[in-house]
Amino acid sequence: MEDYKYLFKVVLIGNAGVGKTCLVSRYTKGFFPPGQMATIGVDFMIKTVEIDGDKVKLQIWDTAGQERFRSITQSYYRSANALILVYDVCSQQSYESLPHWIHEIELYAGTKVLSYLVGNKIDQADKREIPTHVGREFAERYEMRFLETSAKEADNVEKLFCSIAHQLTAQARDLELRPEQQNTFVTGGSTPISPPGCCKF
Amino acid sequence: MATSIVDATSSASMDSIENLTELDEIKKALEQLGKQEVIFGYSLIAQFSHTGFKSSQNFKFSEHVEQELKALLEHQDTLESKMNGLHKMLPNLQILETDSRQLTSMISFTSTLAENVSGKVRKLDLAKSRVVECSQRVEDILDLKFCTDGVQIALQNEDYEKAAGHVHRFRNLDETVIRISAETNEVPGGTLDTSFKQLYESEEKLKNIVHSKFDAAVHCQDVASVERFFKIFPLLAMHNEGITKFGKYLAAQISEKADNNLKLALHTPENDKRAAVLFADTITLLFEGIARVVEIHQPLVETYYGPGRLFGMLQILQKECDRQARKVIEEFKSQRKYDALVGDLTPSFFSITCINPRELDVILSEIALISARAELYMRFMRRRALGDVELAIQEVENRKSTVAEVEKFWNGCELSRLVQELINVYIMMEEYFMREMILKAVSMDSSEEGQQTSSMVDDTFFIVKKSVRRAISSSNIDGVCAMINHACTVLEQDFREVLYSRLRAGFPSGFDLQHAYNIVQASITQGKLQSSDAEKVKARANFLMSLNNAEVTCDYCKALKDNLEDEVSKLFTQCSEQSKAKLESCLGDLGTVSGRFKDVVDFGFSQLTTSAIKPRIKPVADAFLSTSHNITEEDFSNYEANDPWVQNSIVTLDNMLSTFKNSLTSANYEAFVSLVTTEVTAQLEKAVGKTTFNRLGGLQFDKELRGLVGYLSSVTTWTIRDKFARLTQMATILNLERVSEIMDYWGQNSGPLTWRLTPTEVRQTLTLRIDFRGEDIKRLKL
Ligand SMILES: Nc1nc2c(ncn2[C@@H]2O[C@H](COP(=O)(O)OP(=O)(O)O)[C@@H](O)[C@H]2O)c(=O)[nH]1
Ligand SMILES: [Mg+2]
């Protein structure tokens with residue numbers, strides 16, 4: 001058997017070009033990829049970290065932002081333990097798409113999913129269009145955690161994934177202590193999330 | 001004195017003479033010997049005269065000399081022969097010396113000579129290479145002249161290959177060098193200059209001719225001429241022009257054929273047997289046509305243009321393919337009322353009656369086929385382009401960027417995007433189809449007489465399998481993963497909820513199960529059934545059916561995963577490691593779904609325990625309580641004939657189990673027996689705690705327990721003895737003769753027995769024996 005205590009799925013979403021693939025590359029491979037090809041469909045990377053002596057495996061799913069991959073990426077929401085919604089602090093447009101992404105999360109993800117709002121590319125200070133406080137307020141409105149990052153300069157990237165790993169591990173340990181919660185019949189880690197009318201068996 | 005002289009000549013010098021090799025030394029030694037001989041002679045005479053006078057005193061001395069002389073005379077022969085040998089050798093040595101001298105002078109002469117010669121050769125070599133270069137220039141100039149004339153003549157004869165050959169040759173000449181070497185004796189406007197000018201003009205002319213002839217050949221569809229002129233382009237260093245022109249020519253052919261095919265497709269009658277996959281067939285024809293074009297013309301390009309040129313041509317063909325594929329897909333969309341379907345899929349317009357699943361089924365299969373063909377085709381094109389790149393660039397490192405370019409081109413081509421869009425909608429539709437069909441299967445759920453499970457389980461898994469397998473047939477890895485994810489969701493959430501909700505209603509209790517069973521039997525024979533009873537019977541049957549459904553679903557999930565794993569592995573040969581890992585991860589998730597249904601089964605059994613098992617076991621325990629275990633010898637033997645409790649209990653349990661046996665799957669029945677056993681032991685343990693025993697009562701209890709264990713063991717393949725461990729140990733305690741006897745079984749004496757009772761429980765059990773004294777029990781050291 002594989003040697004890890006917990007496995008968590010982390011899914012990155014957000015418009016194309018905001019830097020999702022670069023964030024994943026920076027975290028899992030330690031470098032900022034030059035001349036990155038646009039992601040097709042979904043891609044996944046594994047990173048194992050140690051949290052208080054336990055091996056924790058993060059399965060990081062990087063999705064393509066374009067509309068034509070939407071139904072593929074949607075199929076990954078439900079089993080996600082954490083979602084990272086990324087926008088580009090230098091792109092008003094990517095910020096304006098956030099409500100649309102929030103809607104997707106509400107439709108397809110489980111209610112217990114840990115969600116982060118991430119404003120990327122803060123290294124381009126002179127091109128910034130979305131001030132930090134605007135992003136933070138948006139995150140607060142939707143009860144998301146908030147962080148600003150730079151995949152290029154490795155700012156807050158480690159912190160982002162580490163805090164996700166920590167929180168998910170804490171959740172899992174909590175559940176182990178109270179196993180009765182695990183077996184309740186309110187469909188475990190997620191809630192029924194089908195479009196209205198389609199699952200009224 | 002004399003002795004020393006004799007010594008010196010006779011012994012020491014003789015040896016060294018033999019070893020002499022050098023002429024000079026031998027001479028010297030000879031001289032020396034001569035001298036010594038003389039000295040020796042003198043000394044002999046002297047000694048003799050001396051002896052004559054003083055012979056008497058010197059008698060001893062003369063004796064000694066005599067001896068020495070004798071020894072010397074003995075040596076005389078050898079000395080003489082040696083001397084003779086030396087004399088013979090002397091002339092030879094002299095010859096040798098002169099010879100050596102001659103040789104030395106000869107060698108030194110030769111070496112000087114050699115040095116002289118090699119210097120000359122070096123000079124000669126240089127001169128020769130100059131001559132070669134020179135003759136090359138001359139040849140070049142001659143070639144130039146020859147080319148100039150040749151081109152003119154060839155052009156006149158319309159022998160364009162020859163003309164191009166001349167131009168190609170002239171292009172390979174080093175013009176600047178020719179001009180420099182000719183500089184000294186050439187003036188502007190001289191023959192060389194004119195030659196160049198003429199050649200350039202001819203080249204231009206030839207280029208124009210080749211261009212226009214090629215176009216003309218294309219125009220009159222003269223395939224031979226097209227290929228003829230295509231081969232001339234690279235001779236004129238017009239590789240790119242040639243590839244572009246030829247590519248466009250091939251593209252035009254592809255376009256024409258594709259137009260025809262599409263027209264034919266649109267006129268295909270609806271009842272044609274390929275009507276359902278018409279557009280998939282049409283796009284396949286397009287792909288196959290292009291693949292054939294590549295197959296035929298790749299050798300031509302490689303031979304006449306060299307490696308590294310194919311990608312350029314494939315790009316042109318791909319652009320045409322993009323255009324044609326778009327047309328086919330647009331027709332597909334409009335003919336199949338695709339947009340209307342997609343519109344209906346959006347949740348806001350969601351309604352079951354909107355889309356006919358059968359219609360959807362057909363379209364889904366066609367999209368999967370289109371996708372599979374496109375994937376196959378693009379793999380072919382990629383492979384061809386990459387193969388050519390590998391030939392052109394030997395070093396793996398250097399080819400990386402070109403390889404990336406090739407990948408990027410096909411990832412970003414319009415066909416690729418069109419297929420991605422189709423797959424996007426395909427997934428939505430396939431998921432919808434899967435849900436719809438499962439919904440239908442659930443709503444039409446039925447079961448045949450005597451079946452333990454109902455139709456919806458088989459149907460649901462059939463549908464899920466069909467949908468995911470269709471996704472696999474599309475060869476689109478992300479599409480497969482997405483459908484596996486959706487299959488997990490629909491099973492784990494929706495289908496599980498169906499089973500769960502049916503169990504949530506609980507197992508109706510309230511009247512005797514045997515009674516219910518009888519009613520059903522009666523209803524079958526008499527055809528009537530009281531309504532409330534009938535409903536309960538039906539509800540119970542449904543409950544057990546759902547429990548069975550949940551149980552088989554666990555197995556079906558595992559089987560589905562294994563089956564899909566097999567199917568998916570067929571894709572592995574054609575996909576990257578990364579894609580493989582994705583597929584495996586998604587399949588792994590499907591593997592965990594089974595466990596979620598185990599929860600449902602457990603939940604169902606907990607319902608059953610509350611409403612069916614507990615109430616049915618209670619009377620059994622109550623009956624035990626009302627049976628005295630404080631009995632006389634007479635009672636004991638009486639019990640032998642008229643069993644007071646256990647026989648009845650077994651009958652009750654057996655009735656209960658047999659009514660369930662036929663309604664439960666074998667796994668569920670085993671689980672049921674196990675739960676009944678657990679309940680029996682729990683309740684009986686409580687009852688025992690409230691009963692008083694004497695020695696015979698204890699014995700009676702032991703008998704009863706054996707009967708019960710024996711019966712329950714006979715109805716299940718699972719082991720139940722373990723569940724009875726505590727009760728069996730209590731029976732052992734209640735069977736003791738004396739309190740202290742417990743120590744034969746306790747602690748060090750316990751042997752293979754593992755006590756399930758705590759010391760406190762042991763004491764409590766001992767107190768149930770009315771004949772045991774409290775102080776004895778207290779005194780025990782447990
Ligand atoms: N300056 C800057 N550029 C970034 C950063 N992250 C990504 N990019 C650039 O943004 C572009 C899109 O990045 P990518 O990771 O492919 O975005 P994705 O579509 O969200 O996966 C690329 O050109 C990256 O070089 C960042 O932190 N700073
Ligand atoms: Mg990306």
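It should be emphasised that the depicted structure is a prediction, and the values quoted were computed from it without experimental measurement. Lettering follows sequence order; numbering is per chain, from 1.
- At a 4.5 Å heavy-atom cutoff, Q66(A) makes no contact with chain B through either its backbone or its side chain.
- The residue among N476(B), I427(B), I484(B), N411(B) with the most heavy atom pairs within less than 4.5 Å of chain A is I427(B).
- Residue-environment remark: NE2 (H103(A)) stays at or below the threshold of 12 foreign heavy atoms within 6.0 Å.
- Neither the backbone nor the side chain of D602(B) comes within contact range of chain A; no heavy atoms are under 4.5 Å apart.
- Taking chain A as the reference chain and counting heavy-atom pairs below 4.5 Å, the highest number among H486(B), M483(B), Q578(B), E407(B) is found for Q578(B).
- The structure places SG of C481(B) at 6.0 Å from CH2 of W61(A), a figure rounded to the nearest 0.5 Å.
- Within 6.0 Å of CD in Q93(A) there are 12 or fewer heavy atoms belonging to other residues, nucleotides or ligands.
- Remark: side-chain polar atoms of K408(B) are not paired, donor with acceptor, to backbone N or O of M37(A) under 3.5 angstrom.
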message: Using the rule given for side chain to side chain contact (heavy atoms under 4.5 Å, CB included), can you reason through I40(A) versus Q420(B), listing the C-alpha separation, both sets of side-chain angles and the distance that settles it, and then say yes or no?
response: CA-CA 9 Å; I40(A) 293 174; Q420(B) 284 161 2; 3.6 Å; yes
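- Residue C586(B) touches chain A through its side chain alone, counting heavy-atom pairs closer than 4.5 Å.
- Atom CZ of F572(B) has more than 12 neighbouring heavy atoms from other residues, nucleotides or ligands inside a 6.0 Å radius.
- The side chain to side chain contact (heavy atoms under 4.5 Å, CB included) test applied to T169(A) returns Y6(A), F8(A), I51(A), V56(A), R173(A), not counting sequence neighbours.
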